[in-house]
Each structure stands twice: as C-alpha cells, then as structure tokens.
Undergrad: 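Take a look at this one; I'll ask things after.
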Amino acid sequence: MNLAEITPGAEGVFAVFRQETKNDPHVHVGDVHAPDAEMALVLAKEQFARRDPCVNLWVVRYADIAATSYRDADMLEPSTDKSYRFGGSYREQQRVYRRR
Amino acid sequence: MNLAEITPGAEGVFAVFRQETKNDPHVHVGDVHAPDAEMALVLAKEQFARRDPCVNLWVVRYADIAATSYRDADMLEPSTDKSYRFGGSYREQQRVYRRR
Amino acid sequence: MTVPPEAADEPEQLGAFEARLAAGDRVEAGEWMPARYRAECLRLIQMHANSELMGALPEREWIPRAPTLARKMALVAKVQDEIGHAQLLYRVAEDLGKPRTQMIEELIAGASKFHNVFHYPAETWADVAIIQVFVDGAAMQTQGSLRSCSYAPYARVLKRICYEEDFHIRLGLDSFRALAEGTPRQRAMLQDALDRWWQPIMHFFGPRDQVSPHLETMMRWRIKVKTNDELRQQFLRQFVPVIQEYGLRVPDPDLRWDETAGQYRYAEPDWEEFRRVIRGEGPRTKARLELRQRYHAQHRWVREAVARWALAA
Amino acid sequence: EARREALRAMLLAWADDELILGHRHSEWTGFAPDIESDVALSSIAQDELGHARLLYEQAAGAGQTPDRLAFGRPPEAFRNATLVERENGDWAVTIVRAWLYDCADAVRLAVLAASPLGSFAALARTLEREEKYHRLFSDVWLDRLARAGDDSRGRVQDALDALWDEALALFEAPPGEEALVAAGALAAGAAEQAVRWVSAVEPRLGALGLRVPPGRGVRSGGRSGRHTPALAALLDEMTSVSRSDPEARW
C-alpha cells in the first residue's frame, strides 16, 4: 500500500525523522507541508527539534513511502495492548519524557 | 548553502521503519536490498517483523530520503539559553500546581 | 457536514470493529472504520486544530507589549507552541480525508467551529496569565483524557501536546504569582481578568451531558473518554485551589465544595451565551476571522508562487 | 577608556538591531503564509530577542540591566539601523529585509569572531551558530520567491529596491569605532564590512536573477539616534505595560 492513498497531496507532505544522538535510530516525529525536500528540512528543524536533542534529520515525501497494511496477516497478531489506559499520572508522564 | 545532502546508500537499498505498537511512531530498524518496494516489504517483514512486536512497516528508497549533513549538527542545537521553553525556572510552581 | 447513516456500514464489519475497540485496540489512518467514526473523529480533531490556531490570537496581541525580555520570549514561545499544535493536529485530521488548505478555508469563512474561549477579547496583560493558567489548564483536562482515545494518530500527537501544555500552565502560574503578589494595581488587574474569563472557562467543557445515543456511541467508540461534567469537576479540583492559594476571589459566589457529593457546586452557566458564541457570535469572533481573512488574502501571491515552485521542483 | 566606550556603543547598536528586528519578526506570529514558516520565524524572533539580551548584558554600564536598556530608553537613545524598525510590510519585504540583515550580521560576526578580545570572539561564535539558521531560512525563501515566476520575483525586486539603502546604512559606523580599529580590537571597520557585505550579496542576487539597485550612498540616521516615526510607535506599544505601573515587577 502506498501512503499517497491515505494522505491528500502526498507529494507536498514530508514525513520527518529525527535522530536524537549519533547512537539513536531515526524516529518518525511528524510531518511538514513543504514545496521541496530542502525547505521541508529547514521547516522541520523548528517544528520537531526546537525542544528535543537532534543531530540529524531525514525527510521523505509521503508519496515515496510504501507500507504494509494494519490487517497484514503475516505480522505478529497485533497484541490487544491494554496500553490505552496509558492516561497515567504526571509522574509517569515525566518518567516517559525524561527518558529522552 | 544546501542543507540537504544525498543520503549514503547504494541503488536498490531501502530503509525499513517499524511501528511496534499503535502507541509508538515508526522507527528506523535497518535496511534491505531489493529491486522494488514490493519486494522490500516482503524482506522487511521477514527480517524485522518475525521476532519483534510489529503492527506496521514502512520502506523507503534511500534515494528518496533527504537528510541534513552531520556537519550541520551544531546548527540543530541551540547555543543560547532556551530555558524559557521549558517553563523557565518555575519549579516553585510545583508546590501550587500538582496534576491530580 | 451531514453525518453518514450508520447503517451504510456492513453489520459484520461494524461488529468486528466494535469488538476490537472493546478489546482495547486502536484505529490507524489506513484501517477500515465506520463512516460515522471517521466523520466524528474528523469533526473533533479539526475543531481542536482550529482552536489552537485561533487560540493563539488573544495572547498574540500581547507579544508586542510584553513588559520584560523574559516575558516576551516566553510568550512568543508559548504562542508558537499553539501554532505548532495546530500544525500537528491539521496533519492528523488530513489523513481522515480533508486537505489542510480546505480546513483553513472553512475556518476563515466561519464555516467550522473553534472553542468558545477564543471568541473573547484579551483586554489586559493579566488576561495572558489567566489564559495560560485556566484556559490551558481546562484544555489540559480534555487533552489529557483523550490520550487514551481510540484514534491512534490523535492519541500519539496528544502526548507531545500535553507535554508542551504543561509548560504553558507553569509559565502562566509564574505570571499569575507575579501579579497576585505584585502592586495593588497588578493584583486588581488580575482579579478583573479572572472575573471576565470565569464564565467562558466554565463554558469551555460544554453543557452538562444528557444521556443520548450520540454520547453513548462516542463513549463506546472512545472518541470521548470522559463526560463534560467529569472534566469540569477535574478542572475545578485542580485550579480552584490556585485562586484560593493567592487569596483571590472565585468569581462565582455560589461555587463551593460539596463534601457529601464529593464535587463542586456552582452557579448554572448561561448556556444560551455559550450556544451563541459557538455559532460564531462571540465578542471577538468577527474581528479575529476578518484579521485571518485579511492575511490569507494578502498572502495569496505567496501560496501561488510556492505552488508554482513545487510543480517545478 | 575611549576604547571601552566605543566597544559599549558598538554592542549597544548591535543589541538594538537584534531587539527591534526580533520584535518585528515576532509580530508575524500567527499570520505567516504557512503554519510551518510561522513556527520557524517565531523561533528566529526568539533567538534575536535572546541575542539582544546577551548583548545588552555585555553593553550594560553601572545600574543598567537588559530590561532597563530595552524598555527604559527614549527612541533617540536607540542606535539600531532604521532598516530593522520599518513596518513588516508584505512577506517579500519581510524576507528580503531578513536576508539582507542576516548577510550583514554574518559579516559583523566574522569580524568580531576574529577579535583579539576573547570574550567578544566567543560571543560572536555563540551567536553565529544560531544566525546560520536564520540565513538559511531567509535564503531558501528568497530563492523560492525569486525563482517561482515573474510575479513573486517582481515583488522581491521591489522590496530589494526599497530596502537597499537602509541595508547599507547597517554599516554606518557607531561613534568611536575608529578607536577600536586603530587599537586592533576590530579587524575591519564599518566601511570595510560594507564592502565585504556587497561582495557577498551581489553574486547571490545575480544568480537569482535579481538586480542590485544603484546605492544612493549610506543615509546616516539610526546609528546616531535619528529614527523614523515607526520606531517611536513601536517603542510606545512595546513599553505600554511596563510604563503602566513603573514600580511593578513583571
């Protein structure tokens, strides 16, 4: 499945991946609308790296992303995670964010 | 000054991004070598979705990734005081404001 | 936007969908969902995005007048966060089937809603502190509860939004304290702002919930996680003490803690005003939409240039 | 002593430039042409205000604080170039002004980074790391607008024609600067910096199909306290809250 099927104007929407430190992987942190890749990187820096550490950014047009479907039988049976109760208290929220 | 540089990676190499649960974003977990996206997804499922939790996979040709250069890493890190973005030094407020 | 009838979805698909939700699973943009689920999520998230974009405007008026460099930088950063939240939320709404440009056109044309509180004027510098503590504090209750909603992209983006809203409240408390403990003029300005904002803030969570099929479906589908009353009580429990802590007067004389019922009693808000404001007849609705329309028109040549450039790129 | 006074005058002029431009950029918050650029320009505004605070700290004399320097002086005491006090105008004017200023700032920063005065060289290097992004932001916008067809390039050219002289006036030397150059504290004076700025700016404008307007000579003004009505209006609004209750702490 190509993500352009879901995202309107997938040509002009770029997925942004942030690498926090050299030994971290690139993580998808959100997307930007931009006319081209270089502008997407320039704009992604402030929207996705103004509070969090970052040594490197990737951007990819949504039209260039191929994805499996969520109902893909080959995948591990999606665990019915109970994490929807994640609401959690402030403390837990802090624990999660201090991890960064 | 061009921010975007061509990401290293030979022709036909795809970056693989795995989403472990629906609470998580897609994370770059490795690469596969394949003639097309279709095959890249098949290989990615084989390598990255068998043993580990996975609800979704993305694959992207390295040629379609625009990246910042590691030489620009200094620009991605603030050089002047940005404590105001973290609520400043307003620790004192904790006494009054306790999220229940 | 007419909500498509539920019957349009095949019964078994609907049954399987509801079973998955009941078991705690969430829904992603690429998955099948009932047409009504998609419409309700889009309406909720689009309104939330609109509210962030319009929500920036009252405080924004005070950026040029912030009284110190530290307050000015913090206020610019805070309003920037609201614009950033709008960016994140429009992007989530988009994948439910409506391009961002269309959502912004609808907002500017007054054809889609945004929260009641942002239809009101910010008359003094103290309004900024009141908005940051009590309006952001109120929004935090709703956003915090929706982090466990069933639409996965929304739940994920709310984690970051709540993380940043927390700074806003602490920033607001710092200004609130400086005014409350400041000169008599500062303290009077703060009480006056609190008095003016109390009714819109009580309206913020919406009218008392009537049990209805609509509400029941929203809760079952986990598009709504807590009722309006639960959220309002949660807000009052957390923020009425802040007013009392600094010796200010709670603007509602009837407001008191009812020990036996374990909740606050308060004067019934004027829900007719709430409906009027939400329809787009608030004191600043027209002025703010017109300001947005003016800038939107002024920038048309920029949008056209960027579109021409994107085609060539 | 003359050298210290000249240094303070230079830092004050620089701080005023950053404060007033930061204020103008912050006025765009919420109304930029697209949401992503709104966020980015807002960060740049915050950087400029932060830079102004750092520079005021360096320039502050006895009993002076950054806030008192920013909020407590009349317009004629400000030493910013008039380029930065101008109203924002449309997006073309905003981007061209930002670009011209960022390129000038790069020259100023390079000169100071080479100064034997260690603390100023370090300050310049700190500011340069963030100014590098400001230049990148204004350059990618200038590039797109200049190359996206006649209409947008025409508006950019109009803005360039309107702003060029005031941009040159960025290099009107603050009083006593010659003492700094003579003492070797400053590797290049304003006149030399202007030459470097033009030689950096001209090729880039040419590559974008833009004409460099004939300079009608540096119009003096801001560096010696002569400002346009726009600055008085800006400061009147900026200080309205702090003036409303003078002994208050905010």
Side-chain angles (χ1 to χ4, degrees), chain A residues 2-65 67 93 96-98 100, chain D residues 21-22 25-26 28-51 91-92 94-96 98-99 102-103 106 126-149 151-153 155-156 204 207-208:
Chain A
N2 182 299
L3 290 187
E5 292 160 30
I6 306 169
T7 301
E11 282 303 322
V13 178
F14 292 78
V16 177
F17 302 87
R18 182 182 62 218
Q19 183 183 31
E20 295 209 348
T21 68
K22 265 256 162 142
N23 37 42
D24 283 318
H26 284 75
V27 177
H28 179 226
V29 284
D31 315 312
V32 289
H33 284 257
D36 58 78
E38 188 193 21
M39 197 97 168
L41 283 167
V42 170
L43 298 174
K45 169 191 173 330
E46 287 311 322
Q47 173 65 335
F48 298 108
R50 67 175 185 275
R51 277 199 174 89
D52 298 289
C54 176
V55 292
N56 196 264
L57 285 169
W58 288 352
V59 291
V60 179
R61 289 179 199 276
Y62 259 75
D64 294 333
I65 300 176
Q93 183 190 10
V96 169
Y97 299 122
R98 258 197 310 283
R100 270 195 255 259
Chain D
L21 186 61
H25 283 335
S26 73
W28 273 111
T29 304
F31 291 113
D34 63 279
I35 298 183
E36 285 84 358
S37 294
D38 203 306
V39 169
L41 187 58
S42 181
S43 283
I44 292 170
Q46 291 162 49
D47 284 353
E48 304 291 20
L49 294 169
H51 295 177
W91 192 246
T94 288
I95 289 298
V96 169
W99 188 78
D102 294 339
C103 294
T126 301
L127 302 188
E128 167 53 19
R129 266 180 53 187
E130 291 179 348
E131 290 292 344
K132 185 176 167 186
Y133 176 75
H134 302 180
R135 283 199 303 279
L136 181 58
F137 176 81
S138 54
D139 191 77
V140 290
W141 260 110
L142 184 75
D143 176 284
R144 268 83 185 150
L145 294 178
R147 302 201 296 175
D151 175 60
S152 52
R153 188 176 53 255
R155 291 168 187 262
V156 166
R204 177 62 175 145
L208 294 175

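Computed from a predicted structure; not experimentally measured. To find a chain, count down the sequence lines: A is the first, B the second, and so on, and within it residues start at 1.
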Undergrad: In Å, rounded to the nearest 0.5 Å, how long is the span from CG of D/D47 to CZ of A/R50?
TA: 12.0 Å
Undergrad: Hey, could you give me the OG/CD distance between D/S37 and A/E46, rounded to the nearest 0.5 Å?
TA: 11.5 Å
Undergrad: In residues 22-33 of chain A, which residues are in contact with chain D at a heavy-atom separation under 4.5 Å?
TA: A/V32, A/H33
Undergrad: Nearest 0.5 Å, what's the CZ-CD distance between A/F48 and D/E36?
TA: 8.0 Å
Undergrad: About how many Å separate CD1 of D/I35 and CG of A/L43, when rounded to the nearest 0.5 Å?
TA: 11.5 Å
Undergrad: What residues, two or more places apart in sequence or in another chain, satisfy side chain to side chain contact (heavy atoms under 4.5 Å, CB included) together with D/D38?
TA: C/I83, D/T29, D/A32
Undergrad: Quick one: CG on D/L136 to CD on A/E38, what's the gap to the nearest 0.5 Å?
TA: 6.0 Å
Undergrad: Quick one: does any side-chain atom of D/Y133 pair with a main-chain N or O of A/K45 as donor and acceptor, under 3.5 Å?
TA: no
